[in-house]
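Right, one structure below, let's go through it.
Heads up: numbering here begins at 1 and tracks the sequence. Note that this is a predicted model, so its numbers are computed, not measured.
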Amino acid sequence: MIKILTYLKKYWYIAVLSPLFMILEVSMDLIQPDLMSRIVDEGVLAENMEIILNLGIQMVIFTVIGCIGGILSGVFGNIAAQSFSNDLRKDAFAKVMKMSFQQTDKFTTGSLVTRLTNDITACQDFVGMALRMMVRTVMQFVGGIYMVLNIDVMFGLVLLVTLPVQLIVVAVVLKKGAPLFEVVQGKLDRVNSVVQENVSGARVVKAYTREQYEIDRFSKANDELCNTNLRVQKLMALLTPVLSILMNASVLAIIYMGGLEVQARELEVGRVMAGITYITQILMSVMMIGMMFQQVTRASASAKRIREILDADPVIESGGFDGTTAARGTVEFKNVSFRYPGVQAGNVLEDISFKVNKGETVAILGATGCGKTSLVNLIARFYDAAEGQVLVDGVDVREYQLDALRKKVGFVLQKSELFSDTIENNIRWGKPDASDEEIRSAAEIAQAAEFVESFNDGYKDIITEKGSSLSGGQKQRLSIARAIVKKPEILIFDDSMSALDLTTDAKLQRALRENLGDTTVIMIAQRVASVMGADKIAVIENGRLAAFDNHENLLKSCEVYQDIYSSQMREGDERVG
């Protein structure tokens, strides 16, 4: 919690003003009962209207001053809390953006969303409460005890009996409730994960008519959250009635003791009334302390979860090399082996070695699950090789600054991710300062210009979230245009032409050769027809490099390639027939 609260240091001057104005408000509250007792004793009972008016005016003035203090305390407290959470959320989000894939997989999307929203809000609420209510309760508690003892030391006996009981009740309830707050946040993670999966996968759910199954799955996660919350709230619900009973019993004791002293003419009626008010303030402050500790407990659990993000140093650490090289556009794998972190099974890739020269087009072909995507992910350092080296322009990728390395590489992923924005801005992701002409040129090479220009607003047309308003082929072509406009040294297609028909695929391949002759192209493909024109084809079988040669030579020498070729061509002939 302490590390999280360091984000408040930047706003210390605002944070200090909030408790100062709260001290002003509470001071005015502590003065009021004394003035009231004087009005009763010196004014009402003595029938002195002048004293009643004078003291009444003082009470009004002090009330206004206290009101102003309370308002300003709230204003400055909220400014400090909002500013604190704003900076914390930005830093936590920046940390998430720098996490490697294995770290985001470990946290899960739903959990990260909860931590960046609900958990940070809990810490924000705690800061706002701490700046105001902690000062208020401590002052009321200490100041109230002083004022009560100043009225009558015998009233202190009441506090001596009730305060320990109140504190024991608060301690027991909070001890049992504290562990449950972390459980609640975990259950909330699960609810968010289910919602996120269903929103992003809505089409699959509907296609397989699994709506009821997903409703039941959400209901189960939501019920678990609800039941855990109820367990916490049942515990916390004990506080208010128990403390209220103790408070009312204390008031009765003060009335009884004060009544006896009034009868004996040892104490005035107004002083008894003031004593009742101060006792109420003291015991109310204890109740508020209980409520605050509930907030503290919840905020502590949330702060722990936020710290896990802030303390998560990227597994893929940036090197020191700025990317300036004599060679450009070369990729080499030297005895590369790879396994996914945390997976106990064997290597996904085993002893892979081959080199791609500048301007070459190299295709990677193999059965599903043989490690093709894992191989190209090593080039941009989405993961690091377990053994061996991956060299870009003759330099080990682990030596590069991550930004410098990834500026050299244009990546078109298997899944086309588009954003809710205009078409031109989606393409501009590859190069933020790209001109309109560069965007149109990239769209033409990617075979996207024709369908984009058919839209009412052309390149200004808005794409709906995740590109749901476009077909699979259209999304792929825009993703390809986004990579092309970047003009990278190395362009990687991770099975990103699978939704294109053979004619469009052939046009795209031809346009790439004509316009990006100096760009090194590495493409993963499932269709032999898409890779036959490549300079070299790397055939991957069970995570190993079975062969690395051109189409003609592979047909003569590689049995795996021959099997893929004959099966696909035969299927093609059968479809034509």
Less than 4.0 Å between a side-chain N and a carboxylate O, is that true for [Y] and [X]?
X	Y	result
Lys408	Asp393	yes
Glu417	Lys475	no
Arg381	Asp384	yes
Asp311	Arg307	yes
Arg136	Asp29	yes
Arg305	Glu308	no

Holding to side chain to side chain contact (heavy atoms under 4.5 Å, CB included), I want the full list of residues that pass it with [X], two or more places apart in sequence or in another chain.
X	answer
Arg210	Val205, Tyr208, Tyr213
Lys334	Glu332, Gln389, Leu391
Asp457	Lys460, Asp461
Ala130	Phe126, Met134

Under a 4.5 Å cut-off applied to non-hydrogen side-chain atoms, are [X] and [Y] in contact?
X	Y	value
Ile379	Ile492	yes
Val412	Asp494	no
Phe93	Met97	yes
Asn222	Cys226	no
Ile23	Ser27	yes
Ile463	Leu478	yes
Leu418	Ser479	yes

message: Could you walk me through whether Lys487 and Glu438 satisfy the salt bridge (charged side-chain N to carboxylate O under 4.0 Å, His left out) test, starting with their C-alpha distance in whole Å, then the side-chain angles of each, then the deciding distance to 0.1 Å, before giving a yes or no?
response: CA-CA 10 Å; Lys487 297 178 181 176; Glu438 287 177 305; 3.3 Å; yes

- request: Look at the side chain of Ser302 and the backbone N and O of Ile120, then say whether any donor-acceptor pair between them is shorter than 3.5 Å.
  value: no

Taking atom types as modelled, is there a side-chain donor on [X] or [Y] under 3.5 Å from an acceptor on the other?
X	Y	answer
Tyr400	Asp322	no
Asp421	Asn426	no
Gln212	Asp216	yes
Asp87	Tyr11	yes

Matching residue for Arg428 among Asp433, Asp436, Thr422 - test: side chain to side chain donor-acceptor pair (under 3.5 Å): Asp436

task: Any chance you could lay out the side-chain contact (heavy atoms from CB on, under 4.5 Å) test for Ser337 and Leu349, step after step, and finish with the verdict?
output: CA-CA 5 Å; Ser337 297; Leu349 299 170; 5.7 Å; no

message: Apply side-chain contact (heavy atoms from CB on, under 4.5 Å) to residues Met22 and Val26 and explain how you reach the verdict.
response: CA-CA 6 Å; Met22 180 52 67; Val26 177; 3.9 Å; yes

- prompt: Among all residues two or more places apart in sequence or in another chain, which pass the ring-ring contact (aromatic ring centres under 6.0 Å, His included) test with Phe84?
  reply: none

task: Check step by step if side-chain contact (heavy atoms from CB on, under 4.5 Å) holds for Ile524 and Phe493.
output: CA-CA 6 Å; Ile524 293 174; Phe493 297 98; over 6 Å; no

- prompt: Between Leu491 and Ile522, is a side-chain contact (heavy atoms from CB on, under 4.5 Å) present by the stated rule, with each step listed?
  reply: CA-CA 6 Å; Leu491 189 54; Ile522 300 174; over 6 Å; no

- request: Over all heavy atoms of both residues, which pair between Ala303 and Ile4 is shortest? Give the atoms and the distance, please.
  value: CB-CG1, 3.8 Å

task: Name all pairs fulfilling the side-chain hydrogen bond (donor to acceptor under 3.5 Å, both in side chains) condition that reach into residues 124-135, sequence neighbours left out, sorted by first residue then second.
output: Ser85-Gln124

- request: Step through it carefully: locate the ring centre of Phe382, locate the ring centre of Phe411, and say whether they are under 6.0 Å apart.
  value: yes

- line: salt bridge (charged side-chain N to carboxylate O under 4.0 Å, His left out) with Glu224: of Arg231, Lys187, Arg190, only one passes, and it is Lys187

